[in-house]
Asker: 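Please read through the structure below; I'll follow up with questions.
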Amino acid sequence: MSVIKNIQWLGDAETGLLRLLDQTRLPGQEAYLDCRCAQEVADAIQRLSVRGAPAIGIAAAYGCVLGTQQNQFDESAEQLARSRPTAVNLFWALRRMARVVPRTPEALLREARAIHEEDAAMCRKIGEHALALLERHRRGKQGSAEAIHVLTHCNAGALATGGIGTATAGIYLAHQRGLPIRVLADETRPLLQGSRLTAFELAAAGVHVTLICDSMAAQVMRSGRVDLIITGADRIAANGDTANKIGTYALAVLARHHGLPFYVAAPSSTFDLETPDGSRIPIEQRPDQEITHGLGGPTAPRGVEAYNPAFDVTPADLISAIITEKGVIEPVSETRIRQVLGAGEAAG
């Protein structure tokens with residue numbers, strides 16, 4: 001399966017650079033950013049040129065290599081840590097890079113590449129577990145030829161990871177194996193990651209995708225157009241409370257009301273077992289302009305106040321299961337999370 005190259009290291013450890021697909025330019029233009037220092041990587045993360053928790057962690061790891069090229073590992077790690085507060089993969093990757101000995105560009109590049117390759121492998125394993133769930137739901141439908149209909153939110157696909165995505169991993173594998181599958185993608189306001197990114201990459205891969213406004217989710221559920229919901233995650237607390245793109249919590253509430261399963265797909269690196277529950281997860285506040293000037297010009301009266309949290313937290317009791325590379329966490333509880341992940345293997 002062809003995967004979009006959203007993160008690439010070019011050259012050797014001493015003089016190489018990090019090339020990032022600028023996701024703010026999609027779907028209209030496929031443009032790339034060449035980062036030659038850690039601050040440029042941090043800026044790219046902050047302005048969402050690279051986004052998605054796993055991809056942020058991978059980019060930060062390569063950013064540490066760039067910092068070490070200039071003998072500034074500690075300063076670079078601090079710059080990268082300030083770029084976004086919610087995605088725990090960022091801090092997981094920085095801690096892992098800090099443990100590398102000797103702290104040379106060559107050794108750090110090997111570790112960054114290992115993080116990148118491991119994420120691709122984790123995505124594949126997440127996909128295999130998700131595919132089993134998709135097949136189980138399909139067997140429960142009338143008629144073996146009937147498609148399974150999946151609703152997703154934001155972008156937890158190849159663009160957000162080092163592989164075939166998290167929420168999309170099972171979708172891609174189902175498509176690859178010829179299983180009928182239909183995807184409904186929320187546009188995901190205010191920055192439209194669903195319409196700009198998820199619809200873009202699924203359509204490019206030949207997966208049937210239908211775009212809907214966020215406010216249509218309740219109606220499509222009530223009308224029987226959805227069989228299940230799968231989203232990604234930016235941080236999962238020890239009890240299973242999950243932070244993801246704003247609007248995810250609303251989908252979970254709607255899914256419960258309509259009797260639909262709500263799944264979260266994420267690698268073990270997204271779990272933060274030092275954070276006991278969702279109330280302790282820091283939520284990034286984004287600039288007002290993302291709402292007041294969301295379509296290239298003013299979309300609200302001048303000077304109006306906006307409230308723009310980037311994420312919300314879905315309580316564990318609204319999540320049917322969490323799909324990881326190590327297996328499916330079902331039911332979602334701290335005991336079951338620790339059983340599946342293994343002690344000490346998650347972030348933190």
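Position 1 is the first residue of the sequence, and the numbers go up from there.
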Asker: Return each pair, listed once, that meets salt bridge (charged side-chain N to carboxylate O under 4.0 Å, His left out) where at least one residue sits in residues 278-294; pairs must be two or more places apart or across chains.
Answerer: Arg84-Glu284, Glu284-Arg286, Arg286-Glu290
Asker: Any pair with a residue in residues 65-80 that passes salt bridge (charged side-chain N to carboxylate O under 4.0 Å, His left out), sequence neighbours left out, goes on the list, sorted by first then second residue, please.
Answerer: Asp74-Arg103
Asker: Just by distance, do the side chain of Gln69 and the backbone of Gly16 share a donor-acceptor pair under 3.5 Å?
Answerer: yes
Asker: Closer than 3.5 angstrom, by distance alone: can the side chain of Thr324 be matched with the main-chain N or O of Pro267 as a donor-acceptor pair?
Answerer: no
Asker: Please answer whether the main-chain N or O of Ile164 pairs with a side-chain N or O of Thr168 as donor and acceptor at a distance below 3.5 Å.
Answerer: yes
Asker: Would you say the side-chain atoms of Thr231 pair up with the backbone N or O of Val264, donor to acceptor, closer than 3.5 Å?
Answerer: no
Asker: Could you tell me which residues satisfy salt bridge (Lys or Arg N to Asp or Glu O under 4.0 Å) with Glu117, sequence neighbours excluded, listed by chain and number?
Answerer: none
Asker: Hey, what do you get for OG1 (Thr86) to CD (Gln285), rounding to the nearest 0.5 Å?
Answerer: 9.0 Å
Asker: Below 4.0 angstrom, N of the basic side chain to O of the carboxylate: do Arg338 and Glu334 qualify?
Answerer: yes
Asker: Say you draw a straight line from CG of Leu173 to CD of Glu135; how long is it, rounded to the nearest 0.5 Å?
Answerer: 10.0 Å
Asker: Which pairs count as salt bridge (charged side-chain N to carboxylate O under 4.0 Å, His left out) when at least one residue sits in residues 216-241, sequence neighbours excluded?
Answerer: Lys141-Asp227, Arg235-Asp272
Asker: With sequence neighbours excluded, give me every salt bridge (charged side-chain N to carboxylate O under 4.0 Å, His left out) pair touching residues 173-200.
Answerer: Glu187-Arg189
Asker: Roughly how far apart are Cys213 SG and Leu192 CG, rounded to 0.5 Å?
Answerer: 9.5 Å
Asker: Considering all heavy atoms of both residues, which atom of Gly57 and which atom of Ala93 are nearest to each other, and what is their separation?
Answerer: O-CB, 3.3 Å
Asker: I need the minimum non-hydrogen distance between Gly162 and Ala120, along with the two atoms involved.
Answerer: O-CB, 3.4 Å
Asker: Could I get the full list of side chain to side chain contact (heavy atoms under 4.5 Å, CB included) partners for Ala121, not counting sequence neighbours?
Answerer: none
Asker: My understanding is that only residues two or more places apart in sequence, or in another chain, count here; which of them pass ring pair (Phe, Tyr, Trp, His ring centres under 6.0 Å) with Tyr62?
Answerer: Trp9, His116
Asker: For Asn71, is there any backbone N or O sitting under 3.5 Å from a side-chain donor or acceptor partner on Thr68?
Answerer: no
Asker: Can you list everything that forms a side chain to side chain contact (heavy atoms under 4.5 Å, CB included) with Ala114? Sequence neighbours excluded, please.
Answerer: Arg96, Glu118
Asker: Could you state the interatomic distance from CG (Asn244) to SG (Cys154), rounded to the nearest 0.5 Å?
Answerer: 6.5 Å
Asker: Hey, what do you get for CZ (Phe73) to CG (Leu66), rounding to the nearest 0.5 Å?
Answerer: 12.0 Å
Asker: Could you pull out every donor-acceptor pair under 3.5 Å between side chains of residues 41-54 and any protein atom, sequence neighbours left out?
Answerer:
residue, atom, partner, partner atom, Å
Asp43, OD1, Gln39, NE2, 2.8
Arg47, NE, Ser49, OG, 3.1
Ser49, OG, Asp22, OD1, 3.0
Arg51, NH1, Gln23, OE1, 3.0
Arg51, NH1, Asn155, OD1, 2.9
Arg51, NH2, Asn155, O, 2.6

Asker: Show every donor-acceptor pair shorter than 3.5 Å between a side-chain atom in residues 249-260 and any protein atom, with sequence neighbours excluded, or say none if there are none.
Answerer:
residue, atom, partner, partner atom, Å
Arg256, NH2, Asp317, O, 2.4
His258, ND1, Leu254, O, 2.9

Asker: Taking all atoms of both residues into account, what is the closest heavy-atom pair of Ile329 and Val332, and its distance?
Answerer: O-CG2, 3.7 Å
Asker: Please determine whether side chain to side chain donor-acceptor pair (under 3.5 Å) holds for the pair Glu201 and Tyr172, giving the CA-CA distance in whole Å, both sets of side-chain angles, and the decisive distance to 0.1 Å.
Answerer: CA-CA 11 Å; Glu201 68 167 84; Tyr172 279 129; 2.5 Å; yes
Asker: Give the minimum heavy-atom separation between Leu202 and Ile171, together with the two atoms involved.
Answerer: CD2-CG2, 4.4 Å
Asker: Stepwise, does the side chain to side chain donor-acceptor pair (under 3.5 Å) test hold for Ser320 with Glu330?
Answerer: CA-CA 7 Å; Ser320 304; Glu330 184 180 19; over 6 Å; no
Asker: Counting N and O atoms only, with roles assigned by atom type, does the side chain of Asn6 sit under 3.5 Å from a partner on the main chain of Leu159, one being a donor and the other an acceptor?
Answerer: yes
Asker: According to side chain to side chain contact (heavy atoms under 4.5 Å, CB included), who are the partners of Pro298, at least two apart in sequence or on a separate chain?
Answerer: His293
Asker: With sequence neighbours left out, what residues match Thr15 under side chain to side chain contact (heavy atoms under 4.5 Å, CB included)?
Answerer: Asp12
Asker: Which atom pair, heavy atoms only, marks the closest approach of Ala112 to Val65?
Answerer: CB-CG2, 4.3 Å
Asker: Check whether any side-chain heavy atom of Met122 sits under 4.5 Å from a side-chain heavy atom of Lys125, and report yes or no.
Answerer: no
Asker: For residues Ala233 and Thr242, report the shortest heavy-atom separation together with the two atoms involved.
Answerer: CB-CG2, 3.5 Å
Asker: Does atom CD (Gln29) have a neighbourhood of more than 12 heavy atoms from anything else shown, all under 6.0 Å?
Answerer: yes
Asker: As an exercise, state the distance from CD of Glu30 to CZ of Arg25, rounded to the nearest 0.5 Å.
Answerer: 11.5 Å
Asker: Examine distances only and state if a side-chain atom of Thr299 and a backbone atom of Ile291 form a donor-acceptor pair shorter than 3.5 Å.
Answerer: yes
